[in-house]
Amino acid sequence: MDSPVGSAAVQALSPLLRSDYAVGEQVDWSNLTRSWGTGFPSDYVAFMSAYGAGGISDAFEVLRPDEFSAGDSDGMAGETANARAVWPSEYRPVEGFSSLKSPVIAWGVTAGADVVCWLTRDESPDRWPVVVVGRDGFSRWASHECGMAEFLRRVFSGELEACPFSDATLWGTGAQRFVHGKEERRLLESGVDPWTGGPDPLAGIGFD
C-alpha cells in the first residue's frame with residue numbers, strides 16, 4: 001500500500017480538514033492494544049492526537065477508540081459489531097488472525113449509515129486498507145488501498161474512482177470542517193447548531 005502513514009498522512013489531510021475545535025484525545029494505546037489484540041494504524045493514532053474523535057461537516061463521525069466488547073456497546077466496538085454481522089462468509093478471517101481484530105475494525109460512520117472500517121488482513125496496521133460497509137450490507141463494497149487519513153483526503157478531493165458512501169455530501173467538495181465530539185455536545189446542549197453557528201432547530205423539541 002503506497003500512501004502516507006502516521007503524522008505525514010494527517011498533515012496531508014489538514015488543508016482539507018479545518019477546525020477551531022480540534023482538542024485531541026487522551027488514549028491509553030497500550031490498553032487498547034491488549035483489548036483488541038492488535039495495535040492501530042499510526043495515522044489514526046496521529047489523528048486522535050491532532051483532532052480527536054468528532055464530526056466532519058455534519059456528515060461523518062470519526063469514532064473514538066474504545067475497548068473491545070462482545071456485548072452491546074456504542075462507538076468503535078458497537079460499529080465494529082455491526083460491520084462484522086454482515087461480513088460475507090467468503091471473506092471470514094483466515095487462520096492466524098486474532099478473532100478480536102478480524103476481519104474488520106470500524107473507525108467511522110457516515111450520515112448515510114455506512115460503517116467505515118479497516119480490513120485487518122495484514123499483520124501491520126499501517127498496511128490495513130479501508131473498506132466501507134454500506135447501509136445495505138456488502139452487496140457493493142471495495143477495498144481502498146490507503147489509510148484512514150489518506151482515504152478522507154481522497155474523498156474530500158474526489159480522487160477515488162467513485163463516491164464510496166451512500167451519501168455524497170463529502171464527495172469531491174473540498175475543505176471540510178471538524179468539530180470535536182465534546183464541543184458538538186456542548187454546543188447542542190446550549191441550543192447552538194455546531195455546523196451553522198445558529199440556533200439548533202431541534203432545541204427544546206421533545207421526543208416521546
Side-chain angles (χ1 to χ4, degrees), residues 5-7 9-10 13 17 19 21-87 92-93 97-135 137 144 147-152 155 165 170 178-189 194:
V5 298
S7 59
V10 175
L13 170 66
L17 189 57
S19 180
Y21 303 109
V23 298
E25 299 286 346
Q26 297 296 317
V27 180
D28 185 340
W29 293 106
S30 296
N31 187 55
L32 265 291
T33 296
R34 288 192 296 271
S35 178
W36 286 88
T38 181
F40 286 82
S42 60
D43 62 338
Y44 180 68
V45 174
F47 188 97
M48 284 296 120
S49 178
Y51 289 92
I56 299 176
S57 298
D58 203 21
F60 192 98
E61 196 75 16
V62 179
L63 300 173
R64 187 185 190 281
D66 57 15
E67 293 186 19
F68 176 84
S69 172
D72 294 335
S73 63
D74 297 323
M76 174 178 279
E79 294 298 347
T80 295
N82 291 337
R84 291 179 180 181
V86 295
W87 187 259
R92 295 291 180 185
F97 274 99
S98 163
S99 61
L100 296 180
K101 76 172 184 177
S102 296
V104 290
I105 296 175
W107 59 265
V109 63
T110 75
D114 308 309
V115 183
V116 187
C117 307
W118 295 290
L119 179 59
T120 59
R121 64 188 183 189
D122 198 286
E123 288 304 314
S124 171
D126 277 342
R127 297 190 64 82
W128 291 349
V130 171
V131 292
V132 179
V133 182
R135 59 187 174 193
H144 303 279
M148 62 85 68
E150 176 65 7
F151 174 77
L152 290 174
V155 169
F165 302 146
L170 302 177
F178 176 88
V179 178
H180 192 279
K182 292 179 181 177
E183 184 64 16
E184 279 188 278
R185 290 190 293 274
R186 187 192 71 80
L187 291 170
L188 288 170
E189 288 170 0

Quiz prompt | Non-hydrogen side-chain atoms of Val104 and Val131 separated by less than 4.5 Å | solution =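 Yes, at least one pair of side-chain atoms sits under 4.5 Å.
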
Quiz prompt | Contact check, side chains of Trp128 and Trp107, non-hydrogen atoms, under 4.5 Å | solution =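 No, every pair of side-chain atoms sits at 4.5 Å or beyond.
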
Quiz item: Can you name the side chain to side chain donor-acceptor pair (under 3.5 Å) partners of Arg185, sequence neighbours left out?
Solution: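 Partners of Arg185 under the side chain to side chain donor-acceptor pair (under 3.5 Å) test: none.
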
Practice problem: Just jot down the side chain to side chain donor-acceptor pair (under 3.5 Å) partners of Ser42, sequence neighbours excluded, or say none. | Solution: Asp126

Quiz item: Step by step, would you call Glu150 with Leu13 a side-chain contact (heavy atoms from CB on, under 4.5 Å)?
Solution: CA-CA 7 Å; Glu150 176 65 7; Leu13 170 66; over 6 Å; no

Quiz item: Does any N or O in the side chain of Tyr51 come within less than 3.5 Å of the main-chain N or O of Ser19, such that one atom is a donor and the other an acceptor?
Solution: no

Practice problem: Give a yes or no on whether the backbone of Ala149 and the side-chain of Asp43 come within a donor-acceptor separation of less than 3.5 Å. | Solution: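 Pair found, side chain donor or acceptor close to backbone of Ala149.
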
Practice problem: With sequence neighbours left out, write down each residue that passes salt bridge (Lys or Arg N to Asp or Glu O under 4.0 Å) with Glu183, or none if nothing qualifies. | Solution: Arg186

Practice problem: Show your reasoning for whether side-chain contact (heavy atoms from CB on, under 4.5 Å) applies to Met48 and Trp29. | Solution: CA-CA 11 Å; Met48 284 296 120; Trp29 293 106; 4.0 Å; yes

Exercise answer: donor-acceptor pairs, residues 55-63 side-chain atoms, under 3.5 Å, sequence neighbours excluded:
from	atom 1	to	atom 2	distance (Å)
Ser57	OG	Gln176	OE1	2.8
Ser57	OG	Arg177	N	3.1
Asp58	OD1	Trp195	NE1	3.3

Self-check item: Value rounded to 0.5 Å, distance of CG in Asp114 from CD in Glu79
Solution: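 The CD atom of Glu79 is 10.5 Å from CG of Asp114, to the nearest 0.5 Å.
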
Can you name the closest pair of heavy atoms from [X] and [Y] and give their distance?
| X | Y | result |
| --- | --- | --- |
| Pro125 | Gly39 | CG-O, 3.5 Å |
| Ile105 | Arg84 | CG1-NH2, 3.9 Å |
| Ala50 | Val10 | CB-CG1, 4.2 Å |

Practice problem: Dump the intermediate steps for side-chain contact (heavy atoms from CB on, under 4.5 Å) on Val27 and Leu32, then the final yes or no. | Solution: CA-CA 8 Å; Val27 180; Leu32 265 291; 4.3 Å; yes

Quiz item: In chain order, what residues pass the side-chain contact (heavy atoms from CB on, under 4.5 Å) check against Ser35, with sequence neighbours excluded?
Solution: Glu67, Phe68

Quiz item: Are Tyr44 and Trp118 close enough that their ring centres sit under 6.0 Å apart?
Solution: yes

Practice problem: Keeping to residues at least two apart or across chains, list the salt bridge (Lys or Arg N to Asp or Glu O under 4.0 Å) pairs with something in residues 23-34. | Solution: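 For residues 23-34, and leaving out neighbouring residues, the salt bridge (Lys or Arg N to Asp or Glu O under 4.0 Å) pairs sorted by first residue read Glu25-Arg64.
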
Quiz item: Should Leu152 and Phe178 be marked as a side-chain contact (heavy atoms from CB on, under 4.5 Å) after you check the CA-CA gap, both sets of side-chain angles, and the distance that decides it?
Solution: CA-CA 12 Å; Leu152 290 174; Phe178 176 88; over 6 Å; no

